[in-house]
Trainee: 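What follows is a single structure, and I will ask about it in a moment.
The model shown is predicted, which means the values in this text are computed figures rather than measured ones.
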There are 2 protein chains.
Amino acid sequence: MKRKLSTEATAAWIRLMRVPSRVLDCVEQDLKKAGYPPLAWYDALLELSRAPSGELRPVELERQMLIPQYSTSRLIDKLVDEGLAARRECKIDKRGQFVEITEAGRDLQKRMWSAYSAAIDKHVGSKLSDAEAARLCGLLDRLGCSCSDAKADAKADAKADTKSETKAAPARDSVPAR
Amino acid sequence: MKRKLSTEATAAWIRLMRVPSRVLDCVEQDLKKAGYPPLAWYDALLELSRAPSGELRPVELERQMLIPQYSTSRLIDKLVDEGLAARRECKIDKRGQFVEITEAGRDLQKRMWSAYSAAIDKHVGSKLSDAEAARLCGLLDRLGCSCSDAKADAKADAKADTKSETKAAPARDSVPAR
DNA sequence: CCGCACTGAATGCATCTGCATCAATCTTGA
DNA sequence: TCAAGATTGATGCAGATGCATTCAGTGCGG
């Protein structure tokens, strides 16, 4: 299996590594200049605001946001410090807890969205037609489900848990609000 | 200038934020499992090995790699520590220096490339036809030149005050070798 | 020659990240 | 029913990153 790496694939790789991080940077900068916190805060607030009663278990938030557990824990710390969310006891499972978005949190989420959506439009929407954006989605989706096997490899001799998450998942994700 | 953000653009944004970072992760993991250092080291070694006499000014390296100055400085520290590069005095400008790749550095760069190219092919090349890869390049390129104007802006009012960050995008670069 | 603005590079410090581990609690199954 | 194992969430620590500053050296205008 000694495939040859094509120049097209190489060119795509270079752009994959450069362009999105740059675009993210631009958007984050716009948000920051508007006086808002990092995007991760928005994502968390959005997930919380969407949840049935405005509250989620940290472990749920973690799964929604696809970030590591410790990262979730620390993010929650900060949201709580800023009064954007509150920890609430979880009666049914005393190991756990609920994190509930506050009014201030909902408010911030809404205000951020206007700046956020404007930034996305500025840096992505305005540069591509809808058809092009859709084609880009299609191409990126083709790259999506690759690392599950790495995970499997890692614990190959462990449990064969087949947790392979084929997360080509539809857009049910962070950004879209409102 | 109150454009509406389309759902297509939003979907593209989500994928832009997720897919490439995931692909990068996979490639980095592959490299790591093969016992190699981070990709940034490869990039630096590649730039050095390509340079006329195997040496560059740090400031050149910085521009090639699109990473901040302090980051370059620290990366060089590590390469030197590992014997992959050496600092050499710059006679014509005593503020500066040259960084020269060593034989060990050239050797590592070459060895890394075989693992690296295999990983790129596995996670990108094998998932897209050459035509698709080319289309992906085209689409990503449309997004590329968005922050250059930010740079221009910054330069424009540079004299004013602008503590605003003229930060260059952190991005991976320079893959193609051999 | 001097003063002054600028460039090249390093570094102190605060923050962020990842990893490993911990304690508490829940679940399972013998 | 209880021990073994799995889950939930927090945290100590090491390394990475970003920011601002510092230091040395350059080059220009006077």
Trainee: Within a reach of under 6.0 Å around CZ of A:Arg88, are more than 12 heavy atoms found that belong to other residues, nucleotides or ligands?
Mentor: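 No - once you tally the heavy atoms of other residues, nucleotides and ligands closer than 6.0 Å, there are 12 at most.
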
Trainee: Compare all side-chain heavy atoms of B:Glu62 with those of B:Ser73 and state whether any distance is below 4.5 angstrom.
Mentor: no

Trainee: Reckon B:Tyr70 has a side-chain N or O less than 4.0 Å from the OP1 or OP2 of C:dA10?
Mentor: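 No, no such contact exists.
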
Trainee: Taking only side-chain N and O atoms of A:Gln97, does any of them lie within less than 4.0 angstrom of OP1 or OP2 on D:dA10?
Mentor: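 Yes, because at least one side-chain N or O of A:Gln97 sits under 4.0 Å from OP1 or OP2 of D:dA10.
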
Trainee: Indicate the atoms forming the closest heavy-atom contact of B:Leu31 with B:Tyr116, along with that distance.
Mentor: CD2-CA, 3.8 Å

Trainee: Which part of the nucleic acid, if any, lies within reach of B:Asp93 when heavy atoms closer than 4.0 Å are counted: base, sugar-phosphate only, or nothing?
Mentor: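 B:Asp93: backbone/sugar contact only, no base atoms under 4.0 Å.
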
Trainee: In whole Å, I'd like the distance from the CG atom of A:Leu75 to the P atom of C:dT15.
Mentor: 17 Å

Trainee: Do you know which two heavy atoms are closest between A:Ala12 and B:Ala133, and how far apart they sit?
Mentor: CB-O, 4.0 Å

Trainee: Out of D:dT8, C:dT17, D:dA10, which nucleotide sits closest to the side chain of A:Arg74?
Mentor: C:dT17

Trainee: Rounded to whole angstrom units, what separation is found between the NZ atom of B:Lys32 and the P atom of D:dA16?
Mentor: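 Checked: the NZ to P distance equals 10 Å.
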
Trainee: Can you check the A:Asp81 CG to D:dA10 P distance for me, whole Å?
Mentor: 12 Å

Trainee: Separation of A:Ile92 atom CD1 from C:dT25 atom C1', in whole Å?
Mentor: 13 Å

Trainee: Starting at the 5' end of DNA chain D, which residue's closest nucleotide do you reach first, B:Lys94 or A:Arg57?
Mentor: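 Counting from the 5' end, the first nearest nucleotide belongs to A:Arg57.
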
Trainee: What integer distance in Å separates B:Ile76:CD1 from C:dG8:C1'?
Mentor: 11 Å

Trainee: Check this one for me: any side-chain N or O of A:Arg63 less than 4.0 Å away from OP1 or OP2 of D:dT8?
Mentor: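 Yes, such a contact exists.
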
Trainee: Rounded off to whole Å, could you give me the CD1-to-P distance for the A:Ile67 and C:dC16 pair?
Mentor: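 That distance rounds to 13 Å.
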
Trainee: Given atom CG of A:Asp77 and atom P of D:dT11, what is their separation to the nearest angstrom?
Mentor: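 Atom CG in A:Asp77 sits about 7 Å away from atom P in D:dT11.
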
Trainee: Starting from P on D:dT21, measure out to CD on B:Gln69 and report it in whole angstrom.
Mentor: 15 Å

Trainee: D:dG18, C:dA9, D:dG9: which one has an atom nearest the side-chain heavy atoms of B:Pro68?
Mentor: D:dG18

Trainee: Is there a side-chain contact between B:Lys78 and the phosphate of D:dA16, meaning an N or O under 4.0 Å from OP1 or OP2?
Mentor: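 For D:dA16, OP1/OP2 do have a side-chain N/O of B:Lys78 under 4.0 Å.
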
Trainee: So does A:Arg95 get a side-chain nitrogen or oxygen closer than 4.0 Å to the phosphate oxygens (OP1/OP2) of C:dT27?
Mentor: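 A:Arg95 to C:dT27 OP1/OP2: no side-chain N or O under 4.0 Å.
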
Trainee: When you check the gap from the basic side-chain N to the acidic O, do A:Asp121 and B:Lys4 get nearer than 4.0 Å?
Mentor: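 No salt bridge links A:Asp121 with B:Lys4.
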
